[in-house]
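In what follows, every heavy atom counts, from backbone to side chain, and hydrogens, waters and symmetry copies are set aside. Whatever order the structure lists them in is the order used to number ligands and atoms, beginning at 1.
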Amino acid sequence: MPSPSAGALDAQGRLVWTGGDVRALLRVPGASDDKRTRGTVAMRTGSDAYPGAAVLGVEAAWRAGAGYVRYIGPRRPADLVLARRPETVVAEPASVSAVHADAWVIGSGTDPALRPPEETAALRHLLAGAVPVVVDAGALDLLPADAPVIATPHEGEFARLRARLGLAPERAEALQDPARRAAAVRETAEALGGTVLLKGATTLVAGPGAAPVIAIDAGTGWLAAAGTGDVLAGVIGALVAADRAAGRGSAPAALAASAAWLHGRAGRLAAHVDGGRPGRPLVALDVAEALPAAIAAALADVADDMHDHRTEEDHA
Ligand SMILES: NC(=O)C1=CN([C@@H]2O[C@H](COP(=O)(O)OP(=O)(O)OC[C@H]3O[C@@H](n4cnc5c(N)ncnc54)[C@H](OP(=O)(O)O)[C@@H]3O)[C@@H](O)[C@H]2O)[C@@H](O)CC1
Ligand SMILES: Nc1ncnc2c1ncn2[C@@H]1O[C@H](COP(=O)(O)OP(=O)(O)O)[C@@H](O)[C@H]1O
């Protein structure tokens with residue numbers, strides 16, 4: 001199984017994720033590959049209220065290197081997905097009973113208060129299975145679950161997830177303390193029995209067990225824009241699916257951290273912040289479109305140099 005680099009622990013005992021760690025987990029397709037060996041991501045995201053989230057996640061999964069992306073959702077988002085990415089194989093929920101997937105992505109662009117009972121039943125079925133599920137936004141209320149899960153809350157969702165798991169609330173001010181924040185993410189992953197990725201300016205990832213919490217700060221403040229989290233969910237789905245289709249068995253936390261790193265790097269490329277420039281606004285779709293360049297940079301071993309620039313600037 002590919003393992004991350006030795007990696008440096010920072011003052012809070014967090015493992016700082018690097019381009020080298022990402023490179024170790026990325027798969028470059030070869031002569032023996034076909035679309036299915038590169039990983040099938042099934043996205044059950046978006047809704048009539050938030051159709052755009054479906055488009056963003058699907059675009060991101062393709063751009064992060066999925067060999068096959070399926071979209072299962074209502075007609076309106078499905079039509080928009082197809083208009084943007086005709087490569088996608090779409091189906092309406094009522095018309096499918098079983099779908100092959102190496103990873104599922106659920107919840108982005110959905111509101112649990114508006115979720116039909118049959119959709120809740122279908123999601124619970126996925127969450128009782130053996131295929132990994134990336135659980136975002138409007139599906140976090142269905143946790144905990146038996147399936148291997150990667151939960152991707154922002155801070156507001158993180159508080160609600162902790163409450164569901166019976167954990168003590170952490171005040172927002174307490175979570176500003178890096179060591180306390182890392183401890184809260186570890187505790188939540190342990191209670192979940194799965195992987196937790198807490199989004200923020202520095203994103204933190206922990207799985208259950210003793211491995212250190214991973215910190216990813218490859219991004220930029222320009223990423224604070226609606227829909228960038230929907231993009232991240234698609235990237236995680238693509239990396240998890242590729243790993244599983246190849247039978248690699250990498251740690252879900254390492255895959256989620258690599259996705260967050262690529263998402264951050266894509267944000268920096270989309271916002272033109274490297275080389276000491278302050279950058280410029282981006283929209284979420286720009287981040288998805290920059291993912292191939294971020295992957296190329298990681299594979300070509302140039303991304304760490306860019307990261308070093310940023311670290312020096314930000315700490316100046
Ligand atoms: N184009 C599309 O289709 C898009 C679709 N999207 C999809 O829409 C759905 C709803 O998403 P949304 O953005 O409307 O509300 P959402 O993030 O759930 O916040 C709910 C409450 O949580 C809190 N809160 C939020 N962020 C916080 C933070 N960082 N830190 C701390 N607290 C935070 C805050 O509560 P407050 O603090 O105000 O009490 C807020 O009112 C969701 O499925 C998403 O995937 C979006 O991605 C946008 C683009
Ligand atoms: N100040 C910031 N600096 C860097 N990245 C940020 C910042 N604020 C948010 N992000 C990133 O942007 C994304 C926002 O995701 P999320 O809150 O789920 O938004 P949405 O639901 O609108 O997609 C996350 O990947 C998060 O890490």
Problem - Euclidean distance, Leu140 CG relative to Glu157 CD, rounded to 0.5 Å - result: 5.5 Å
Exercise for the section: Verify, without hydrogens or angle tests, whether Asp177 (side chain) and Ala174 (backbone) share a donor-acceptor contact under 3.5 angstrom. Expected result: no
Fill in the blank from the handout: atom 25 (O) of ligand 2: closest protein heavy atom, distance to 0.1 Å, is His263 CE1, 3.3 Å
Handout entry: Closest protein heavy atom (residue, atom, distance) for atom 24 (C) of ligand 2
Key = Lys199 CD, 3.6 Å
Practice task
Decide whether the shortest distance between a heavy atom of Gly229 and an atom of ligand 2 is less than 4.0 Å.
Solution key: yes
Practice task
Output the distance between atom OG1 (Thr195) and atom CG (Leu255), rounded to the nearest 0.5 Å.
Solution key: 9.0 Å
Problem - ligand 2-proximal atoms of Thr203, by part, heavy-atom distance under 4.0 Å - result: side chain
Handout entry: Same apolar cluster (I L V M F W Y, side chains within < 4.5 Å links), Leu127/Ile150
Key = no
Practice task
Looking only at protein heavy atoms, identify the closest one to atom 13 (C) of ligand 2 and say how far it is in Å.
Solution key: Thr228 OG1, 3.0 Å
Exercise for the section: Looking only at protein heavy atoms, identify the closest one to atom 9 (C) of ligand 2 and say how far it is in Å. Expected result: Ala224 CA, 3.9 Å
Exercise for the section: List, ordered by chain and residue number, the protein residues whose closest non-hydrogen atom lies under 4.0 Å from any atom of ligand 1. Expected result: Tyr50, Gly52, Ala53, Gly107, Ser108, Gly109, Thr110, Ala137, His154, Glu155, Gly156, Glu157, Arg160, Ala226, Gly227, Asp230
Exercise for the section: Output yes when a side-chain donor or acceptor of Thr88 lies under 3.5 Å from a complementary backbone atom of Val90, and no otherwise. Expected result: no
Exercise for the section: Considering only non-hydrogen protein atoms, determine which one is nearest to atom 22 (O) of ligand 2 and report residue, atom name and distance to 0.1 Å. Expected result: Gly227 N, 2.8 Å
Completion exercise
Rounded to the nearest 0.5 angstrom, the CD-CG distance for Glu87 and Leu82 is 9.5 Å
Handout entry: Heavy atom of the protein closest to atom 27 (O) of ligand 2 (residue, atom name, distance)
Key = Gly200 O, 2.9 Å
Practice task
Compute whether any side-chain donor of one residue and acceptor of the other, for Arg162 and Thr188, lie under 3.5 angstrom apart.
Solution key: yes
Practice task
Hey, could you give me the CG/OG1 distance between Asp102 and Thr40, rounded to the nearest 0.5 Å?
Solution key: 5.0 Å
Exercise for the section: Before giving the answer on salt bridge (Lys or Arg N to Asp or Glu O under 4.0 Å), spell out for Arg63 and Glu289 the whole-Å C-alpha distance, their side-chain angles and the decisive distance to 0.1 Å. Expected result: CA-CA 7 Å; Arg63 295 295 188 192; Glu289 288 176 348; 5.5 Å; no
Problem - Nearest neighbour in protein (non-hydrogen) for atom 21 (O) of ligand 2 - result: Asp230 OD1, 4.4 Å
Practice task
Check each atom of ligand 2 against the heavy atoms of Ala226 and keep those under 4.0 Å away; list them by number with element.
Solution key: 22 (O)
Problem - Polar side chain donor-acceptor pair, Arg277 to His272, under 3.5 angstrom - result: no
Practice task
Report the nearest protein non-hydrogen atom to atom 4 (C) of ligand 2: residue, atom name, distance rounded to 0.1 Å.
Solution key: Thr220 O, 3.0 Å
Practice task
Output the distance between atom OG1 (Thr152) and atom CG (Asp230), rounded to the nearest 0.5 Å.
Solution key: 9.0 Å
